[in-house]
Chemist: 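Okay, handing you the structure first.
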Amino acid sequence: MTEMKASQALVKELENWGIDHVYGIPADSIIDGFAPEQASVNYIQVRHEEVGALAAAAETKLTGKIGVALASVGPGAVHLLYGMVDAKMDHTPMLLIMSTVATSMINTRFIQDMDEDELFASLDTFHEQISNPQQIPDTIRRAITAAYETQSPSVVIIPDNLASKTINYTPVPVQHIQQQKGSGTREQVYETINLIKSAQRPVMVVGTGIRDAKAAVVGVSKKFGLPVISSAPAAGMVPSNFENFMGSQGRIGTQPAYEVLHAADLVLMVGSANSFVRFLDKNVTFIQVNDQASELGRQAAGTQMILADSGTYLQQLIDAQPDRLPETSFLKAAQRSRANWLKYLDARAAERPEGLLTAEGVLKEVGTLADADTIYELDIGNNTVWATRSLPFDQNQKMTMSAWFGAMGYAVSAGIAAKIAEPDRRVITVSGDGGFSMIVQDILTQVQYQLPIINLVLENGGFGFIRQEKANSGQSDYALNFKNANWAGVAENMGGHWITCHRRCVVNGCHSKMQRLDSGRKHDADRY
């Protein structure tokens, strides 16, 4: 047992959980505990709390280890909401720690006295406001445990006068509870196999639940002759060069994925709660495998519902089927559809007659920068569509996005987290000019911490994804166009490097320069 400030005990407890950095803007008396512990837990100073919250969420998505964001009372706390909702909707563990006014000022209409408790209560699973400084380390411990157990954000609110109090702190050994990977029963496995064999046009739809089961997905697809379709956030979890992979389905999907899914007479959905399956024909045989009972049957009524770990169940299917089923005419047609789609993308990537670039062409060239373990962080909009279709995910590349919340500004924020969490891996962020302009100030964070990140901005002078939606429904693009800054000048003034490309020959020339800028792994932030 050691006497120390409660704020320092808070940091000690984070260290106890293996957390070595947090994101935020100095949060009243809470920050005092980080100064004496900075060798163990680093405080990453972002320029907007929204970026800190998105970075914390992205780090958990990328590594599985809980991300932490801090903010001060009132406005700072409100800014955390953006990243918190992203984490909640993407089932991501996250810890948010925020100040509130001193206990004597609560509910007195003092400056910045707002009901943070009420504001956050509906958006988390664990939510507590400290009433005694001795509670702080134990509350942090329970908040982290709850976040992991529920795969959702936890919130701890600390009145400003309590963090500076002296308390007795004794670290408690952390017990990481390893959840058992549930398997299906023998009867379930053989029922699934028989249903697949009885179908003429079976397909497999996968989600992020298969992140550790890439080989099993490929194995089941080959053994049973199943075209594979992913959700958008799982697009990087299936090898992009796999001949049975049709791409993602949904609002940012591919044509072969859409056509194959809507021609199917059986859908095996694994590790996903894909909302687009609700539009399937009601006569389709629907099998769902998920390790969350609450997700079974949520999007579509199922012929067979299996509560099991995705990778475990897929391996059970492989082991129970001794012989590889012959390829069907349906699978061969799907493979031809995929081949035609790839030719279409190549045509789209070609330079236009007037010499202007296409987004597909830019991303195809950027893909040549990819190492075997490159991390891509994607923003929301047309850039997401182009990136998931064009970037290579054929080795150990990883990708995250704001999948269900669709938070603009995610990519640059997530890039910061990716480079801090995985400093030896190349990090490429892809943004549209709309999302980039929301968080451009945090290029300064990349520069300040010397994070060599390649940030790609696809500029079209407007909210392109929304413009397309409006055009498809015969509406105007009123209020959807905007004037951009000279982003090259902005980046230069922030201390970063910028390359502006207008034509294909310039993109080719940029290739070697980007590699040179990135190769040191400890340069100022690189802008592309």
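Sequence positions, counted from 1, serve as the residue numbers for this chain. This one's a predicted model, so the numbers in the text were calculated from it and none came from an experiment.
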Chemist: Here's a test for you: under side chain to side chain contact (heavy atoms under 4.5 Å, CB included), which of Thr400, Thr60, Ile66 qualifies with Thr92?
Modeler: Thr60
Chemist: Just how far is it from atom OG1 of Thr388 to atom CE of Met399, taken to the nearest 0.5 Å?
Modeler: 6.5 Å
Chemist: Determine whether the side chains of Asn340 and Gln255 contain a donor N or O and an acceptor N or O closer than 3.5 Å.
Modeler: no
Chemist: Which pair of non-hydrogen atoms, one from Tyr23 and one from Ala417, has the smallest distance, and what is that distance?
Modeler: OH-CA, 3.3 Å
Chemist: Please indicate whether Glu243 has more than 12 foreign heavy atoms, meaning atoms of other residues, nucleotides or ligands, lying under 6.0 Å from its CD.
Modeler: yes
Chemist: If you apply the rule side-chain contact (heavy atoms from CB on, under 4.5 Å), what do you find for Gln304 with Gln188, and how did you get there?
Modeler: CA-CA 8 Å; Gln304 187 186 19; Gln188 286 175 322; 3.8 Å; yes
Chemist: Taking atom types as modelled, is there a side-chain donor on His91 or Gln292 under 3.5 Å from an acceptor on the other?
Modeler: no
Chemist: Applying salt bridge (Lys or Arg N to Asp or Glu O under 4.0 Å), run through Glu422 and Lys398 and close with a yes or a no.
Modeler: CA-CA 11 Å; Glu422 301 281 1; Lys398 287 187 176 183; 5.4 Å; no
Chemist: Would Ser431 and Val412 satisfy side-chain contact (heavy atoms from CB on, under 4.5 Å), going step by step from the backbone distance to the final call?
Modeler: CA-CA 8 Å; Ser431 303; Val412 169; 4.1 Å; yes
Chemist: From Met269 CE over to Leu296 CG, what is the distance, rounded to the nearest 0.5 angstrom?
Modeler: 8.5 Å
Chemist: Going from CZ on Arg426 to CG on Asp371, what distance comes out if it is rounded to the nearest 0.5 angstrom?
Modeler: 4.5 Å
Chemist: What I'd like to find out is whether the side chain of Val205 reaches to under 4.5 Å of the side chain of Leu261, using heavy atoms alone.
Modeler: yes
Chemist: List the residues meeting salt bridge (Lys or Arg N to Asp or Glu O under 4.0 Å) with Glu259, not counting sequence neighbours, and say none if there are none.
Modeler: none
Chemist: Grab the two heavy atoms, one from Ala370 and one from Gln397, that are nearest each other, plus how far apart they are.
Modeler: CB-NE2, 4.4 Å
Chemist: With sequence neighbours left out, which residue pairs that include part of residues 82-94 fulfil the salt bridge (charged side-chain N to carboxylate O under 4.0 Å, His left out) condition?
Modeler: Lys61-Asp86, Lys61-Asp90
Chemist: Please answer whether the main-chain N or O of Val362 pairs with a side-chain N or O of Glu365 as donor and acceptor at a distance below 3.5 Å.
Modeler: no
Chemist: Looking at every non-hydrogen atom in both residues, tell me the closest pair between Ala53 and Met84 and how far apart they are.
Modeler: CB-N, 4.5 Å
Chemist: Strictly distance-based, threshold 3.5 Å: is any side-chain N or O of Ser310 a donor or acceptor partner for the main-chain N or O of Gly271?
Modeler: yes
Chemist: Is any side-chain heavy atom of His79 less than 4.5 Å from a side-chain heavy atom of His48?
Modeler: yes
Chemist: Compare every heavy atom of Ser413 with every heavy atom of Ile439, then report the nearest pair and how far apart it is.
Modeler: CG2-OG, 4.4 Å
Chemist: So, using ring-ring contact (aromatic ring centres under 6.0 Å, His included) as the criterion, who are the partners of Tyr190 when residues are at least two apart?
Modeler: none
Chemist: Hey, are Gln335 and Asn244 close enough side-chain-wise for a donor-acceptor pair under 3.5 Å?
Modeler: yes
Chemist: Spell out, as yes or no, whether a donor-acceptor pair under 3.5 Å connects the side chain of Thr254 to the backbone of Met246.
Modeler: yes
Chemist: Tell me whether Asp309 contacts the main-chain N or O of Thr312 through its side chain, where contact means a donor paired with an acceptor under 3.5 Å.
Modeler: yes
Chemist: Is there any salt bridge (charged side-chain N to carboxylate O under 4.0 Å, His left out) pair reaching into residues 321-347, and which pairs are they, with sequence neighbours excluded?
Modeler: Asp346-Lys364
Chemist: So Thr145 and Arg142, side-chain contact (heavy atoms from CB on, under 4.5 Å) or not? Walk me through it.
Modeler: CA-CA 5 Å; Thr145 301; Arg142 290 186 293 109; 5.5 Å; no
Chemist: Can you tell me if Ser230 uses its side chain to pair, donor with acceptor, with the backbone of Ala232 under 3.5 Å?
Modeler: no
Chemist: Considering residues at least two apart in sequence or located in another chain, which fulfil the salt bridge (Lys or Arg N to Asp or Glu O under 4.0 Å) criterion with Asp265?
Modeler: none
Chemist: Do the side-chain N and O atoms of Thr125 and Ser152 include a donor-acceptor pair separated by under 3.5 angstrom?
Modeler: yes
Chemist: Testing Asp379, Asp433, Leu357, Leu363 for side chain to side chain contact (heavy atoms under 4.5 Å, CB included) with Leu458, which one passes?
Modeler: Leu363
Chemist: Tell me whether the rings of Tyr82 and Phe405 are parallel (<30°), tilted (30 to 60°) or perpendicular (>60°).
Modeler: perpendicular
Chemist: Is the side chain of Ser198 donor-acceptor paired with the backbone N or O of Asn194 at a distance under 3.5 Å, no angle test?
Modeler: yes
Chemist: Would you name the heavy atoms of Ala308 and Val289 that are closest together and state the gap between them?
Modeler: O-CG1, 3.9 Å
Chemist: Can you find a pair of side-chain heavy atoms, one from Ile306 and one from Gln288, that are under 4.5 Å apart?
Modeler: no
Chemist: Quick one, Asp424 with Lys419, criterion side-chain contact (heavy atoms from CB on, under 4.5 Å). Give me CA distance, side-chain angles, the key distance, then yes/no.
Modeler: CA-CA 8 Å; Asp424 294 327; Lys419 198 62 183 179; over 6 Å; no
Chemist: Keeping the roles fixed (side chain from Ser390, backbone from Ala387), state whether a donor-acceptor pair exists under 3.5 Å.
Modeler: no
Chemist: Regarding Gln315 and Asp319, is there a side-chain donor-to-acceptor distance under 3.5 Å anywhere?
Modeler: yes
Chemist: Looking at every non-hydrogen atom in both residues, tell me the closest pair between Ala418 and Glu377 and how far apart they are.
Modeler: CB-OE2, 3.5 Å
Chemist: Is there a donor in the side chain of Tyr313 and an acceptor in the side chain of Thr192, or the other way round, less than 3.5 Å apart?
Modeler: yes
Chemist: Are the side chains of Ile157 and His127 in contact, using a 4.5 Å heavy-atom criterion?
Modeler: yes
Chemist: Does anything in residues 294-308 form a salt bridge (charged side-chain N to carboxylate O under 4.0 Å, His left out)? List the pairs, not counting sequence neighbours.
Modeler: Glu295-Arg298
Chemist: Is a donor from one side chain sitting under 3.5 angstrom from an acceptor on the other, for Ser240 and Asp394?
Modeler: no
Chemist: Any side-chain heavy atom of Leu14 within less than 4.5 Å of one from Ile140?
Modeler: yes
Chemist: Do the side chains of Leu226 and Val220 get nearer than 4.5 Å, heavy atoms only?
Modeler: yes
Chemist: Under a 4.5 Å cut-off applied to non-hydrogen side-chain atoms, are Ser248 and Ile229 in contact?
Modeler: no
Chemist: Has Ser402 got a side-chain atom pairing as donor or acceptor with Ala407's backbone, closer than 3.5 angstrom?
Modeler: yes
Chemist: Report the distance from atom NZ of Lys223 to atom CG of Leu325, rounding to the nearest 0.5 Å.
Modeler: 9.0 Å
Chemist: Can you tell me how the ring of Tyr258 sits relative to the ring of His262, calling it parallel under 30°, perpendicular over 60° and tilted otherwise?
Modeler: tilted
Chemist: Just how far is it from atom OG1 of Thr328 to atom CZ of Phe224, taken to the nearest 0.5 Å?
Modeler: 13.5 Å
Chemist: Hey, what do you get for CD (Glu459) to CZ (Phe436), rounding to the nearest 0.5 Å?
Modeler: 10.0 Å
Chemist: Using modelled atom types and a 3.5 Å cut-off, is there a donor and acceptor pairing between side-chain atoms of Tyr376 and backbone atoms of Pro392?
Modeler: yes
Chemist: Does the side chain of Val228 reach to within under 4.5 Å of the side chain of Phe242, using non-hydrogen atoms?
Modeler: yes
Chemist: For Glu360, does its backbone N or O pair with a side-chain atom of Arg348 as donor and acceptor, under 3.5 Å?
Modeler: no
